[in-house]
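Per chain, numbering begins at 1; letters A, B, ... match sequence-line order.
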2 protein chains.
Amino acid sequence: MTDIDTSPIPERKRGSGVKMVYDLLRDEILDLVLLPGSPIDEVQLAERFKMSRTPIREALVRLAGEGLIDTLPNRSTMVANIDFLNMHTFFDALVLMYRVTTKLAAQYHRPEDLKVIRAHQAEFAAAVQAQDALAMIATNAAFHSAIAEAGRNAYFTGLFNRLLDEGRRMLRLYYQSYDDRLPQRFVEEHDDIIAVIANRDVEEADRLAKLHAEQIVHQIQKLFAREDRLDVAL
Amino acid sequence: MTDIDTSPIPERKRGSGVKMVYDLLRDEILDLVLLPGSPIDEVQLAERFKMSRTPIREALVRLAGEGLIDTLPNRSTMVANIDFLNMHTFFDALVLMYRVTTKLAAQYHRPEDLKVIRAHQAEFAAAVQAQDALAMIATNAAFHSAIAEAGRNAYFTGLFNRLLDEGRRMLRLYYQSYDDRLPQRFVEEHDDIIAVIANRDVEEADRLAKLHAEQIVHQIQKLFAREDRLDVAL
DNA sequence: TGTATATTATTTGTCGACAAGAATTTTATC
DNA sequence: GATAAAATTCTTGTCGACAAATAATATACA
């Protein structure tokens, strides 16, 4: 017998479904393709990915575990809102994690870590050069995440990556309307940080990381202050 | 027609199933009723709780998200092992979280927080008095968790609670064979910490928390050292 | 016309069944 | 008797269907 239709659908492998949905939804949430507060429909997703609701639900449970979506029992589930009221707790945590991960990187990094870090820094510099705000956000996060990895503390990298994700979401929210650009200064600060890590200067790593983090926090706060004024005007 | 069997099973409410399984498995893992590395059978759990595998699986996905169980795709799932090799990363994170949460508690606590904290301290003191090692572990964790709550930073409390859970698991592992007792000294240190929090003395809170944390870490390390010697003897 | 109740529709949580992978056992071959 | 291949058992991942909970709509009544 002759097979006419050899299954035009990609024919996913068993178990790959959840990961695919998880990764894609995660990206769409962090890239603000799915805006905070927007509803998530299981059935719709099931149709879109051509699979049953079961793997979709598993992906959603995972995302809920990371705080990226909120689930009201027996009711709707939606993209997690950004908590502007407790923003300062976010900043506190971010600054501390910048400091501790950079310190640990200075202590525990291996030669190959520096290569990865420098590569991310090159991408960040390129993004700044090109004045591509969205790329800046992404590459900056990747740069600091790589530093944290070099510190080799899974507890810290876990929290830090979560904070970087949340920060990415917040920044995108504002860079969508304002095509402001992060200053060249950040590129230089990154270079300095790489240098002290390479020198294994833990004290100086802490100091620079603190300065850099506060610099970034300040930048974000300025952004929000401007937006606040706009909100009042509306 | 006469109904003979009027459903003797509690008749759970819709949606309560997953939470029940999640909570119970979580407790059993943290209390070492389920030992690290022991396999988890979905079908068995489904029979035990008299429900289908679907809600069981959801609970397992959540536990996996918190790192309490490990899942090999298409293969078995088991209680997460304790990572003795990277123990120092655990201690680093624990000490830092002790410090930062205590500091924030000194800054941001409200009067009612102190009541809760003092209540937990009373329970801890009672456990020490009764030389109930297991109770000490639990009440000590609750005490510090309450302090962290008073600091009102969800990012920190999230990581800290996770660390406390992991610590509870490690300690139980050893207090099962050794009925050693944490010294009375910890009770006094707790009292001192409560005092500086009440005084809103942030600097001193940091200092005491650091000392206390290092004290506890030292205690745990002593325990492990003793056990290590035993392992060699086997 | 506005409010309360009943009806319908939508969506979520749970179930039993089935199929794909992996582990285990059995059979075949040297 | 040891190794390789085949068959079987077992466990997991996925599916379609159904029922409970909620939301939306229609109806009744003042």
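Two residues, Thr77(B) and Arg53(A), neighbour DNA chain D, and the one matched to the more 5' nucleotide by heavy-atom proximity is Thr77(B). Of the residues near DNA chain D, Asn74(A) and Ser16(A), the one whose nearest nucleotide (by heavy atom distance) lies more toward the 5' end is Ser16(A). Heavy-atom nearest nucleotides on DNA chain C were determined for Arg75(A) and for Arg14(A), and the one closer to the 5' end corresponds to Arg75(A). Residue Pro55(B) is the one, among Pro55(B) and Pro73(B), whose nearest nucleotide of DNA chain C lies closer to the 5' end (criterion: closest heavy atom).
In this structure, Asp23(B) pairs ionically with Lys19(B), as a charged nitrogen and a carboxylate oxygen lie closer than 4.0 Å.
Distance CE (Met51(A)) to C1' (dA19(C)): 16 Å, rounded to an integer number of Å. Rounded to whole angstrom, the span from the CD1 atom of Ile69(B) across to the P atom of dT12(D) amounts to 11 Å. Here dA23(C) presents its C1' atom at 14 Å from CG of Asp41(B), a figure rounded to the nearest Å. Atom CD of Glu58(A) is separated from atom P of dT14(C) by 15 Å (rounded to the nearest Å). Protein atom CD of Glu42(A) is 17 Å distant from nucleotide atom P of dA21(D), rounded to whole Å. Whole-Å rounding puts the Met20(A) CE to dT14(D) C1' distance at 16 Å. In this structure, Lys50(B) places its NZ atom 13 Å from P of dG16(C), rounding to the nearest Å. Rounding to whole angstrom units, NZ of residue Lys13(B) and P of dA21(D) are separated by 10 Å.
The side-chain heavy atoms of Leu171(A) and Leu134(A), taken from C-beta on, include no pair separated by under 4.5 Å.
Geometrically, Arg152(A) does not engage Tyr108(A) in a cation-pi contact, judged by NZ or CZ lying under 6.0 Å from the ring centre and within 45° of the ring axis.
Out of dT14(C), dC15(D), dT12(D), the shortest distance to the side chain of Thr54(A) is found at dC15(D).
Atoms CG and CG, from Asn153(B) and Leu159(B) in turn, are 10.5 Å apart once rounded to the nearest 0.5 Å.
The phosphate of dC15(C) has OP1 or OP2 within less than 4.0 Å of a side-chain N or O from Ser52(B).
Atom NE2 of His88(B) has more than 12 heavy atoms from other residues, nucleotides or ligands within 6.0 Å.
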